[in-house]
Amino acid sequence: MKYGFTLSMLLCLAATAGAQTPGASSNIKFQRVATPVPKQTAVGGQQAGEFYHSQYTGAAWGDYNNDGYLDVYYSDRNTHVSSSNTQSNLYRNAGNGTFTRVAWAPFAATAFSTPVWLDFNNDGLLDMFISGVSSWGYRWDDDKTNLDLPKCHLYINKGIEADGSASYEEITNCGVRPVFNGLSGGKGHMAAAAGDFDKDGYTDIILTGFDEPARRDTETPHLAVRTCKLYRNIKGERFELVEAPLANGKQFEGLCDGSVTMVDLDGDSWLDIVANGYDTKHESSLHIYWNNGDGTFTEEETGVKGLSAGITAVGDLNNDGRPDLVMGGIYENTNSKKLYIAQNLGNRQWRLVTPEEFEGIDGAQISIGDVNQDGLVDLLVGGHGQQHEHTTWLYANQGNFNFTPVYAQYLDTFGKLGHFNRVTHGNQHLIDYDNDGYLDAWSSGWSNGMCSSGCLTEIYRNTSSTKGVAANAAPEAPTSLTAIAGENGLVTFTWVAPSDDFTPEAALRYNFYIKRQGSEKTFMVLPADLATGFVRVGNTTGAIQSCSYKFKVTESGMYEWGVQAIDNGNRGSKWTSAVSKFDVSGIDDVNTNATQGKVWASAKTLYYTSMDNATLTVYKADGKLIEQAAVNGSGSLNIDEAGVYVVALTSNGSSYTTKVIIR
């Protein structure tokens with residue numbers, strides 16, 4: 001389906017948006033963790049027990065050793081340690097609310113980088129991708145420039161030791177051309193993203209930034225060359241550049257000092273691309289590339305102005321099942337600072353929303369999640385403001401795109417409410433680092449007044465429980481799994497939405513895995529623990545947005561597959577799994593969690609016998625929904641159009657699915 005949500009809404013039986021009443025912002029409380037790294041000694045102006053400070057860098061949260069807690073990695077210069085060298089910082093989560101810095105981080109120190117955790121080879125272990133420069137002091141110097149300094153690294157997790165440590169091995173010449181974003185402040189830190197854009201079961205990658213070697217091939221080497229490149233994962237062995245990702249045979253618009261994200265914006269289960277930044281025309285621009293499902297993309301005019309020196313974050317702000325865009329940065333055409341929302345109206349249409357509470361910023365960093373369990377996602381924002389210098393805000397979502405700023409330092413003149421320290425031009429993350437059911441706040445970047453070197457990295461624990469806010473529990477598991485085989489091995493997997501304590505059904509997102517019996521490889525949309533449902537990455541933007549997912553099965557056989565729900569606090573449910581048989585040469589009978597039931601056809605009549613309180617769902621072979629109805633016992637259904645149909649009988653979480661032919 002080109003334009004989304006009709007089929008997925010029927011399958012999800014979703015509640016309408018706004019079904020829960022938002023809570024007051026006064027119930028939000030955070031407390032700075034003074035010594036999150038107890039064993040770390042003081043260095044210069046950096047106090048003992050603190051994370052290594054950093055300024056202009058991204059950070060990635062992921063469970064690299066599969067112990068059920070999110071760890072964090074970032075790489076940047078810490079002038080308390082060295083004014084010229086960049087440090088590689090991997091902090092292992094001890095599981096007791098503290099961290100330990102891994103003395104010999106397995107990844108090369110890389111400045112101006114965006115690290116990305118991904119399972120590159122589908123072995124269930126988190127690998128690491130990094131692109132940037134190996135020297136913080138890198139500068140372009142015409143033909144004297146050292147082009148060995150821009151680097152791209154891909155590290156493969158080789159296994160976890162008994163003590164919880166993990167070993168990594170770098171793949172040399174991984175196929176990705178190195179780029180980086182910025183030599184100072186003003187850049188975004190989501191300039192690389194991972195996701196399976198072509199549904200071949202392997203995670204691909206896209207990145208934006210400066211392409212330095214390309215300067216040598218131009219007549220104007222004094223001018224920077226900007227790029228946006230998509231790389232296809234070749235069976236977990238290497239990456240390969242997609243030469244012409246646009247349907248017209250062209251490349252994406254080159255960008256720097258911005259961000260790039262893979263996300264399904266229209267609910268068709270194919271990952272689209274959102275890229276913003278400073279373009280080749282020396283203007284701020286936003287590009288949305290819609291996935292055509294055939295390996296190519298199409299760009300359509302959005303009517304939304306793009307920003308640079310910041311990022312575009314993605315989240316469903318009004319719980320209607322459609323991801324919205326939150327954009328912060330500079331509109332270069334007028335040199336004005338902005339912070340606004342592009343509301344997703346469906347059918348690839350957008351509406352610009354600028355809440356009066358928002359303050360325009362540059363050096364923007366934005367993270368999205370529900371911090372007070374009112375069912376609405378909130379915004380953690382760092383930036384260089386219009387009225388307030390370096391500032392970190394928490395904008396509490398009040399519904400209908402209204403927000404209340406809390407925990408900003410300028411709102412707390414007398415120190416009564418508590419506040420975040422002033423940090424900008426780095427990165428912000430809402431993550432539950434201690435697994436207590438509350439999203440905590442990570443803040444790192446250029447600091448004003450809190451550090452002698454102007455850099456800071458710290459974490460705040462969410463203590464809203466003291467304000468009466470209950471902990472967020474994981475959603476219930478999805479039910480009624482059904483697989484419908486189509487042409488060319490493309491299978492449509494569907495399920496019914498579960499319930500959640502705070503997140504409305506329409507706003508739930510999903511994770512999916514599939515594994516051919518006898519194979520050691522497991523494809524998964526987001527890395528997660530199959531036993532517990534723990535989501536192993538902090539960035540869940542690429543999660544499935546509806547109760548339907550298409551996947552290419554290229555080899556006939558029996559497959560195990562499953563689905564989990566993810567709520568607005570990024571908690572994953574237990575998995576619901578099924579076993580299905582697929583014949584890629586054509587449509588085959590599909591049976592999942594078989595229950596008592598029978599379906600057959602004669603002429604233009606479909607007959608069925610089912611258990612009580614069952615659901616009958618009829619699809620065309622291409623996955624188009626024809627009929628869905630509650631049934632009891634035996635009955636029949638007339639179908640006028642001849643053809644091949646897939647019929648599912650679902651009851652109490654079990655399903656019987658078969659193929660019938662109407663002549």
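The residues of the chain are indexed from 1 along the displayed sequence.
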Going through the distances and angles, do I566 and L526 end up as a side-chain contact (heavy atoms from CB on, under 4.5 Å)? CA-CA 11 Å; I566 300 174; L526 296 172; 3.9 Å; yes
Smallest separation among heavy atoms of C152 and P178, with atom names: N-CB, 3.6 Å
For the pair D436 and R461, evaluate salt bridge (Lys or Arg N to Asp or Glu O under 4.0 Å) and give the outcome as yes or no after the intermediate values. CA-CA 10 Å; D436 65 350; R461 186 168 179 264; 3.4 Å; yes
For S573 versus A474, what's the shortest heavy-atom pair and its separation? CA-CB, 4.3 Å
I want to check something: taking the side chain as every heavy atom from C-beta on, are E50 and V37 in contact at a cut-off of under 4.5 Å? no
Separation of L255 CG from T227 OG1 (nearest 0.5 Å): 9.0 Å
Does any donor atom in the side chain of N511 or Q564 lie under 3.5 Å from an acceptor atom in the other side chain? yes
Any V535 side-chain heavy atom under 4.5 Å of N570 side chain: no
Nearest heavy-atom approach of S367 to L430 is OG-N, 2.9 Å
Output all residues satisfying side chain to side chain contact (heavy atoms under 4.5 Å, CB included) with K158, sequence neighbours left out; order by chain, then residue number. I156, S167, E169
Do S548 and T494 have side-chain atoms, one donor and one acceptor, less than 3.5 Å apart? no
Residues that D123 engages under side chain to side chain contact (heavy atoms under 4.5 Å, CB included), provided they are two or more places apart: D119, N121, L125
Would you find a donor on one side and an acceptor on the other, under 3.5 Å apart, between the side chain of D76 and the backbone of Q55? yes
Find the distance between CG (N427) and OG1 (T457) and round it off to the nearest 0.5 Å. 7.5 Å
Quick one: does NZ or CZ of K515 land under 6.0 Å from the six-membered ring centre of W561, within 45 degrees of the ring axis? no
So, do F297 and F197 have ring centers that fall under 6.0 Å from each other? yes
In terms of ring plane angle, is the pair F582 and F493 parallel, tilted or perpendicular, where the classes change at 30° and 60°? perpendicular
Are any of the side-chain heavy atoms of R509 and Q545 separated by less than 4.5 Å? yes
Strictly distance-based, threshold 3.5 Å: is any side-chain N or O of D272 a donor or acceptor partner for the main-chain N or O of L265? yes
Hey, can you tell me if Y549 and F523 have their rings parallel, tilted or perpendicular (30° and 60° cut-offs)? parallel
Distance from L508 atom CG to S546 atom OG, nearest 0.5 Å? 12.0 Å
Has the side chain of D567 got a donor or acceptor atom that lies under 3.5 Å from a matching backbone atom of T503? no
Min side-chain heavy-atom separation L376-F502 under 4.5 Å: no
Under a 3.5 Å distance rule, please check whether N78 uses its side chain to pair with a backbone N or O of S54 as donor and acceptor. no
Donor-acceptor pair, distance only, cut-off 3.5 Å: does the side chain of Q373 make one with the backbone of G437? yes
Report, as yes or no, whether the 6.0 Å neighbourhood of atom CG on N173 holds more than 12 heavy atoms from other residues, nucleotides or ligands. no
Expected output: side-chain D63 to main-chain G68 donor-acceptor under 3.5 Å: yes
Distance-only, no hydrogens or angles: does the N568 side chain make a donor-acceptor pair with backbone N or O of G375 under 3.5 Å? yes
Sole residue of W442, Y91, W117 in side-chain contact (heavy atoms from CB on, under 4.5 Å) with W61: W442
Side-chain H-bond candidate by donor/acceptor type, W495 with T482, under 3.5 Å: no
Whether the side chain of N462 engages the backbone of L439 through a donor-acceptor N/O pair (distance < 3.5 Å, no angle test) should be reported. yes
Looking only at side-chain N and O atoms, does Y64 offer a donor or acceptor that is under 3.5 Å from a partner on D71? no
Within the side chain of T110, is there an N or O that forms a donor-acceptor pair under 3.5 Å with the backbone of A108? yes
What I'd like to find out is whether the side chain of D370 reaches to under 4.5 Å of the side chain of N472, using heavy atoms alone. no
Show, in sequence, the C-alpha distance, side-chain angles and deciding distance for T98 and V33, and conclude whether the side-chain contact (heavy atoms from CB on, under 4.5 Å) test is met. CA-CA 9 Å; T98 68; V33 181; over 6 Å; no
Check whether any side-chain heavy atom of S131 lies under 4.5 Å from a side-chain heavy atom of F180, and answer yes or no. no
Which pair of heavy atoms, one from L271 and one from G542, lies closest together, and at what distance? CD2-O, 4.0 Å
Closest non-hydrogen atoms of P498 and A477, given as atom of the first, atom of the second and distance, are CB-O, 3.3 Å
Answer yes when R322 and D316 have at least one side-chain N-carboxylate O distance shorter than 4.0 Å, and no when they do not. no
Using every non-hydrogen atom in the two residues, find where E458 and F51 come nearest and quote the distance to one decimal. CA-CD1, 4.4 Å
Around atom CD of E560, are there more than 12 heavy atoms of other residues, nucleotides or ligands at under 6.0 Å? yes
Parallel, tilted or perpendicular: rings of F129 and F239 (30°, 60°): perpendicular
Indicate whether the side chain of K151 and that of S113 have a donor and an acceptor atom separated by less than 3.5 Å. no
Residues at least two apart in sequence or cross-chain that pass side-chain hydrogen bond (donor to acceptor under 3.5 Å, both in side chains) with R177, listed by chain then number, are D211
Going from CD on E555 to OG on S519, what distance comes out if it is rounded to the nearest 0.5 angstrom? 8.5 Å
Do T296 and P245 have side chains that approach each other closer than 4.5 Å (heavy atoms only, starting at C-beta)? no
Do other residues, nucleotides or ligands put more than 12 heavy atoms under 6.0 Å from Q517 CD? yes
Quick one: do the H153 and E170 side chains pair a donor with an acceptor below 3.5 Å? yes
Backbone N or O of A473 within a donor-acceptor pair of the D501 side chain at under 3.5 Å? yes
Non-hydrogen side-chain atoms of L530 and M524 separated by less than 4.5 Å: yes
I need the I130 CD1 to L154 CG distance, nearest 0.5 Å. 9.5 Å
Taking side chain to side chain contact (heavy atoms under 4.5 Å, CB included) as the test, write out the residues that go with T554, two or more places apart. none
Pairs in or reaching into residues 533-545: which pass salt bridge (charged side-chain N to carboxylate O under 4.0 Å, His left out), with residues at least two apart or in two chains? D529-R536
Do Q428 and S443 have a side chain donor and acceptor closer than 3.5 Å? yes
Pairwise distance CG(N233) to CG(D198) - rounded to 0.5 angstrom: 9.0 Å
Under the side chain to side chain contact (heavy atoms under 4.5 Å, CB included) test, residues paired with I234 that sit two or more places apart: R232, R238, E240
Salt-bridge contact D200-K235 (side-chain N to carboxylate O under 4.0 Å): no
Between S88 and Y73, does any side-chain donor sit less than 3.5 Å from a side-chain acceptor? yes
Under a 3.5 Å cutoff, is there a donor and acceptor pairing between the side chains of T312 and N276? yes
